[in-house]
Amino acid sequence: MNSIYFLGECMVELKSLNENTMHQSFAGDVYNSAVYLKRCFRDIKTGLISAVGTDSLSSRMIAGFEKEGINSKYVFRHESLAPGMYYIETDSAGERRFTYWRNQSAARKIVSFLDDDVLNQLIDCDYFFFSGISLAVIEPYQRKLFWQKLEKLKRFGVKIVFDPNYRARLWGAEREAVDNFNTAFKLADIVLPGVEDLEMLYRIDNAHDAVAYCTSMGATEVVVKNGASSVLTYSNGIVIEHVITPVGNVVDTTSAGDAFNGVYLGARLSGFDVGPAVAQAAKAAGIVIQFPGAIAPESGFMCLFESG
C-alpha cells in the first residue's frame, strides 16, 4: 500500500452562523489536504503528524481524523498545551479573513516528539509532506533539528513534498521565512507552489519563472497553481500548461489549494500521469469552493467528485 504523511497543525475552526451562534469544526492546511486525498483515494495510507493536547477538543479532533480514515498514530498528546484556534469570516466573493489564537498551540512542539524510533518507522512511507505554514508553526529553535530529520528521511528514499504557502503574520521577519524556505526547496523532490506566495517572498510573478526557480533548487517535479485558470507543471524535463475551467459558483475559497494538493498527490501515488493528476486535483478544488468552510460535507463532495 502506498503511503503519505502530512506534518503540520490542525486547528479548531469557528465560523459564525448568526450574531449569537458559531459553528465549530476542525481544519488546517495539511489536515485539509489529507482529508481530500483520503476521500478520493481510499487505498492510500494517509497519516497526520502533529501534536494536540489532553483536553476534550483534542480528543474530538483525533476522533475526527480517524472518522476520515486518517492514521493518527503520530498525533501526539502534549501534557500542558492545546490545539490552536481560528475564527473565519467570508465575504460575498468567497474570500476569507482569519483571526488566530495559536501562539501556545501544541503543534509548535511537534519536532520534540519525532525521536529516532518514530523516524525509523516513517522511512517506510512514500511521501512526506509539509508546508510553509508547517514550518512557521514549528518553534524557531527546533527547525535545525527538523531539517536533520528530513535529511534522514530523504536518504532512505522518502520523497519530500513542500508547499511554500507563505503567511507573513506567522514569521518574525521576511528574511527568516526566505532562509527556511530555501532550505525546504533544497530538500524537496516535489514542490507545489502558488505564484502569489513566491511573488511575496522572491518577487517571482509568473508560473514559468516559478518552475525555473524550483528546479534550480533541485525539485524533480513542480506543480504551479497559477490562479483559477491554469496550472503549470514540470516533470521528466517537460513543462506543460494545463488550462482549468473556472467555477462560477464560488462560496468559500478557504481550502481550494489544500484540496488540490491532496488529490494531486493521491493521484500520483495511485499511478496517474501528471496531466490526469492535475485534472483530478482541479476537479476537487472546484468542488470544495462551492461549500462553506475548509472541509466540505463528505456526501456532497464525493457525489460531485464521482460524477461526470
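If you read the sequence from its start, that first residue is 1, and numbering goes on from there.
The CG atom of D258 sits 7.5 Å away from the CD1 atom of I133 when rounded to the nearest 0.5 Å. Note that CG of L153 and CD of Q148 are 12.5 Å apart. Values are rounded to the nearest 0.5 Å. Here L304 contributes atom CG and K283 contributes atom NZ; the two are 8.5 Å apart, rounded to the nearest 0.5 Å. To the nearest 0.5 Å, atoms NZ (K45) and SG (C125) are separated by 9.0 Å. Summarising the geometry, atom CD1 belonging to I88 is positioned 12.0 Å from atom CE belonging to M22; distances are rounded to the nearest 0.5 Å. Separating the CD1 atom in I289 from the CG atom in N249 is a distance of 8.5 Å, to the nearest 0.5 Å.
Side-chain atoms of R143 and T183, non-hydrogen and from C-beta on, never get closer than 4.5 Å to each other. In this structure the side chain of N32 reaches within 4.5 angstrom of the side chain of I295, judged on heavy atoms. Looking at V118 and F113, their side chains never come closer than 4.5 Å, going by heavy atoms from C-beta outward. Within the 4.5 Å cutoff, no side-chain heavy atoms of T46 are placed close to those of R39. Between V274 and I240, the closest side-chain pair of non-hydrogen atoms is not below 4.5 Å. Contact check for D197 versus R167: side-chain heavy atoms found under the 4.5 Å cut-off. For the pair M85 and Y100, the minimum side-chain heavy-atom distance is 4.5 Å or more.
The ring of F65 has its center closer than 6.0 angstrom to the ring center of Y31. For an aromatic pair to be called close, the ring centres must be under 6.0 Å apart, and Y202 with Y213 satisfies this. Between F162 and F130, the gap from one ring centroid to the other is short of 6.0 Å.
The neighbour count for D43 CG, taken as heavy atoms of other residues, nucleotides or ligands under 6.0 Å away, does not exceed 12. A 6.0 Å sphere centred on CD of E174 holds more than 12 heavy atoms belonging to other residues, nucleotides or ligands. Under a cut-off of 6.0 angstrom, the local environment of CG in N236 is sparse, with at most 12 non-hydrogen atoms contributed by other residues, nucleotides or ligands. More than 12 non-hydrogen atoms from other residues, nucleotides or ligands lie less than 6.0 angstrom from NZ of K154. Remark: D115 CG is packed, more than 12 non-hydrogen atoms of other residues, nucleotides or ligands lying under 6.0 Å away. No more than 12 heavy atoms of other residues, nucleotides or ligands shown are found within 6.0 angstrom of CD on Q104.
Checking side-chain atoms of D126 against main-chain N and O of I4 turns up no donor-acceptor pair under 3.5 Å. In this structure, the side chain of S134 engages the main chain of L7 through a donor-acceptor pair within 3.5 Å. Of the possible polar contacts, one joining the S50 side chain to the G8 backbone as a donor-acceptor pair under 3.5 Å is found. The closest donor-acceptor contact from the side chain of N2 to the backbone of I44 lies at 3.5 Å or more, if one exists at all. A distance-only check finds no donor-acceptor pair linking the side chain of R60 to the backbone of S25 [under 3.5 Å]. No donor-acceptor pair under 3.5 Å is formed between the side chain of D273 and the backbone N or O of P276. D252 contributes a side-chain N or O that, together with a main-chain N or O of G293, makes up a donor-acceptor pair within less than 3.5 Å. Using modelled atom types, one side-chain atom of S255 and one backbone atom of A294 make a donor-acceptor pair closer than 3.5 Å.
P83 approaches V12 most closely through the heavy-atom pair CB-CG2, 4.3 Å. Taking all atoms of both residues into account, the shortest heavy-atom contact from V158 to D189 is O-OD2, 3.9 Å. Of all heavy-atom pairs between K225 and G257, the closest is NZ-O, 4.4 Å. For the pair E176 and P140, the tightest heavy-atom approach, listed with the atom from each and the gap, is OE2-CG, 4.0 Å. Nearest heavy-atom pair, A51 versus I110, reported as atom, atom and distance to 0.1 Å: N-CD1, 4.0 Å. Nearest approach of F41 to S270, heavy atoms of both residues: CD2-OG, 3.3 Å.
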- Message: Run I138 and V111 through side-chain contact (heavy atoms from CB on, under 4.5 Å) and show every step you take.
- Response: CA-CA 7 Å; I138 293 171; V111 177; 3.8 Å; yes
- Check the pair S105, E9 against side-chain contact (heavy atoms from CB on, under 4.5 Å), reporting the backbone distance first and the verdict last. CA-CA 9 Å; S105 166; E9 179 181 32; 2.6 Å; yes
- Task: Please test L265 against L192 for side-chain contact (heavy atoms from CB on, under 4.5 Å), starting from the C-alpha separation and ending with a verdict.
- Result: CA-CA 10 Å; L265 294 171; L192 305 170; 4.1 Å; yes
- Query: Stepwise, does the side-chain contact (heavy atoms from CB on, under 4.5 Å) test hold for Q280 with F305?
  - Reply: CA-CA 9 Å; Q280 291 285 293; F305 186 78; 3.2 Å; yes
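Using the six-membered ring where Trp is involved, F76 and Y74 have ring planes that are tilted, between 30° and 60° apart. The aromatic rings of F146 and F128 are tilted relative to each other, their planes meeting at an angle between 30° and 60°. Below 30°, between 30° and 60°, or above 60°: for F129 and F6 the angle between ring planes is between 30° and 60°, a tilted geometry. Below 30°, between 30° and 60°, or above 60°: for F301 and Y36 the angle between ring planes is between 30° and 60°, a tilted geometry.
If you chain together hydrophobic residues whose side chains sit under 4.5 Å apart, W147 and V191 fall into the same group. No continuous path of hydrophobic side-chain contacts links L232 to Y264 [ILVMFWY only; heavy atoms under 4.5 Å]. A continuous path of Ile, Leu, Val, Met, Phe, Trp and Tyr side chains, each step under 4.5 Å between heavy atoms, connects I204 with V178, placing both in one hydrophobic cluster. Note: the hydrophobic cluster containing L81 does not contain I62 (ILVMFWY, side chain heavy atoms under 4.5 Å, direct or indirect links). In the hydrophobic clustering of ILVMFWY residues, with side-chain heavy atoms under 4.5 Å counting as a link, F156 and V161 come out apart.
Under a 4.0 Å N-O distance rule, the pair R268/E221 qualifies as a salt bridge. Of the charged side-chain nitrogens involved, none lies within less than 4.0 Å of a carboxylate oxygen, so that R77 and D55 do not count as a salt-bridged pair.
Under the 3.5 Å distance criterion, with hydrogens and angles disregarded, no donor-acceptor pair is assigned to the side chains of K38 and N71. Side-chain polar atoms of D29 and S131 form a donor-acceptor pair below 3.5 angstrom.
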